[in-house]
Amino acid sequence: MECLKGKSAYAGMALGKIALLDEADYVIKRVKIDNPEYELGRIETAKKAAQAQLQALYDKAVKEVGEASAAIFEVHQMMLDDDDYNEAIENTIRTQMVNAEYAVATVGDNFSEVFASMDDDYMKARAADVKDISERLVKNLFGNADSNMNFNEPVIIVADDLSPSQTVQMDKDNILAFVTVHGSTNSHTAILARMMNIPAIVSVPADLDKLSNGMEAVVDGFTGMVYFEPTEEIREKAAAKINEEKEKQELLQTLKGKDNVTKSGKKINIYANIGSVSDIGYVLANDAGGIGLFRSEFLYIGKDELPSEEEQFTAYKQAAQMMAGKKVIIRTLDIGADKQADYLNLGKEDNPALGYRAIRICLTQPEIFKTQLRALYRAAVYGNISIMYPMIISADEVLQIKKISEEVKEELKKDEIPYKDVEEGIMIETPAAAMISDELAKLVDFFSIGTNDLTQYTLAIDRQNQKLDTFFNPHHEAILRFIKMVVDNAHKEGKWAGICGELGADPELTEQFVKMGVDELSVAPSMVLKLRKIIRDMD
Ligand code: PEP
Ligand code: MG
């Protein structure tokens, strides 16, 4: 038996035969050519075929995993038309007088390395995308794109890396798990695996040459372990865990469509947290009542310029439409501290967590704030959007926000652009906001308690500092008292209060939160049905 540890991209257990994804069934040779125009013509033909294949993949993905997750194939179509990428290929052919296959493969490798070496996780993940489109072009040049990705029996897919297009082409009914040597948990392939509910482990240090098709393996997505040729004991344990999980899942599935209500009739909303529109399929699959926190800053990260009003409008509108009338609470830009975007030139700070971040940026750079607010009020026409402001410490900030948002609405009205007024609330994630929540409750429609930051600021512990993990105690009495106080203050003014920090998903506290009168818990989509069960079992 060989056991290897990787990173879990999606928890779950699998036991079965492996299918190795054989990539290198063609060898790319560097061939000297004397007619660059001919090679460029071949590339044009290969590109046309690639565009058509990507369109077909997009259509298939829309049906299987939804529009948001399918969007990656639109991105691939755009990348294929990228000027820098195409110029680099043309230059390689013309200056080195080499064949099309070699030029595409070299440029693909170079671009992919550049992305992979970036600090930003999102950009790192794009390395796989540029590799994917280059491999597609090369395969088209060889005349064998999209080799068979369907399997006759359920298998564990083992590959060096998996591209989104490979993942979506597979017949998912016959896939038990994904195991890859490379790949990040943030990649679109990992996202697709999560959407498809398939256990996946990435970064597994396996030597693929030593593995063979049909070999048995156990994939433990809970621990990130993979066992090749497992012992009888590991097989038995895995089989038992698979049964246990299946039973749990079946039980949880029966809770879909049911209320989050205790035996004594107390109801609570369970919503989901998302970072991008592509997470919404998962929100729907887990039957969340709405989206309690859409971290909009991910639209701003991993780019080299601010997202335009149109780009934001499209994302917010898509979220509102996909949730079809269910509440979508979008948090305005919470950038700064650990979430950086170089183009904003926020500058280096000694104490970034106590620094220039979130609403402080929006209030001092109102042009950035106004663009986002315009996009939000416009998108609100298409569904049930609420807006939430992060890192509030004073009533004065709320008044400044109101002034700016009124100006934005006035401008939209003047320009005759359709928009809608929405419910507006604030995050309570600083001790200052919690202490004056009686006053703040008079000014806003709701509170959402950000326990991650509230814990950091109340306990004076940097949430990023691993050395302090043992001291970071969100169960601290001070945090629980703050939560109770905030909920009571909201209710006194007839407003609602929820929790959208990680603590909201802590099963040990669910009962206490319900008793405190918390109106909403917004948690990772995978926790929604688990919390529903706890609540329904509660007296
Ligand atoms: C929080 O602070 O609890 C929160 C939900 O916001 P974030 O984790 O994005 O800072
Ligand atoms: Mg926060």
Side-chain angles (χ1 to χ4, degrees), residues 9-10 19 21-26 43-82 85-86 101 104-105 108 111-112 115 122 125-152 155 157 159-175 177-178 180 182-184 186-198 200 202 276-282 284-285 314-315 318 322:
Y10 187 61
L21 224 60
D22 185 15
E23 267 305 291
D25 50 358
Y26 49 83
I43 286 185
E44 270 319 299
T45 314
K47 253 173 64 182
K48 270 198 196 121
Q51 291 287 11
Q53 290 150 5
L54 287 165
Q55 189 58 46
L57 282 175
Y58 174 82
D59 296 341
K60 182 172 188 284
V62 167
K63 277 191 221 124
E64 289 183 0
V65 289
E67 211 169 295
S69 299
I72 186 62
F73 300 111
E74 282 185 323
V75 174
H76 281 197
Q77 284 179 309
M78 280 187 266
M79 281 170 117
L80 261 183
D81 279 335
D82 179 76
Y85 178 73
N86 285 304
E101 291 85 345
V104 172
F111 273 57
S112 161
F115 280 122
Y122 178 84
R126 301 288 72 73
D129 295 324
V130 78
K131 235 172 134 181
D132 194 7
I133 59 159
S134 305
E135 274 165 14
R136 176 170 298 285
L137 270 185
V138 169
K139 282 182 189 171
N140 279 315
L141 287 163
F142 274 102
N144 67 341
D146 291 352
S147 51
N148 188 16
M149 294 281 180
N150 294 326
F151 307 94
N152 299 326
V155 286
I157 305 289
D160 186 52
D161 203 354
L162 273 175
S163 63
S165 54
Q166 284 173 315
T167 316
V168 83
Q169 271 174 67
M170 292 178 192
D171 168 12
K172 64 175 185 293
D173 294 337
N174 273 335
I175 299 174
F178 292 116
T180 63
H182 295 103
S184 83
N186 195 31
S187 68
H188 274 96
T189 299
I191 292 168
L192 286 169
R194 288 199 277 269
M195 297 292 170
M196 293 172 175
N197 264 337
I198 294 175
V202 298
S276 80
V277 173
S278 60
D279 296 337
I280 296 178
Y282 204 45
L284 296 172
T314 307
Q318 223 177 345
M322 284 177 83

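In this structure, CZ on Phe178 lies 4.5 Å from CD1 on Ile198, to the nearest 0.5 angstrom. Rounded to the nearest 0.5 angstrom, Lys131 NZ and Phe111 CZ are separated by 15.5 Å. Atom CG of residue Leu137 and atom OG1 of residue Thr45 lie 11.0 Å apart, to the nearest 0.5 angstrom. Asp161 contributes atom CG, which lies 8.5 Å from atom CD of Glu135 (distance to the nearest 0.5 angstrom). Summarising the geometry, atom CZ belonging to Phe73 is positioned 13.0 Å from atom CE belonging to Met78; distances are rounded to the nearest 0.5 Å. Taking CG of Asp132 as the start and CZ of Arg126 as the end, the distance is 11.0 Å to the nearest 0.5 Å.
For Lys47, the side chain to side chain donor-acceptor pair (under 3.5 Å) criterion is met by Asn86, not counting sequence neighbours. Scanning for side chain to side chain contact (heavy atoms under 4.5 Å, CB included) contacts around Met79 gives Val75, His76, Asp129, Val130, Ile133, with sequence neighbours left out. Remark: Ala127 engages Ser112, Phe115, Ala116 in a side chain to side chain contact (heavy atoms under 4.5 Å, CB included) (not counting sequence neighbours). Residues meeting the side chain to side chain contact (heavy atoms under 4.5 Å, CB included) test with Asp59, sequence neighbours left out: Gln55. Under the rule for a side chain to side chain contact (heavy atoms under 4.5 Å, CB included), the partners of Ala159 that lie at least two apart in sequence or sit in another chain are Leu21, Leu162. Take Tyr85 and apply the side chain to side chain donor-acceptor pair (under 3.5 Å) test, not counting sequence neighbours, and it matches Ser134.
Across all their heavy atoms, Val138 and Ala105 have their closest contact at CG2-N, 4.2 Å.
In this structure the side chain of Arg136 never reaches within 4.5 angstrom of the side chain of Leu141, judged on heavy atoms. Counting only heavy atoms from C-beta outward, the side chains of Asn140 and Gln53 approach each other to under 4.5 Å.
The environment of Gln51 atom CD is dense: over 12 non-hydrogen atoms of other residues, nucleotides or ligands sit within 6.0 angstrom.
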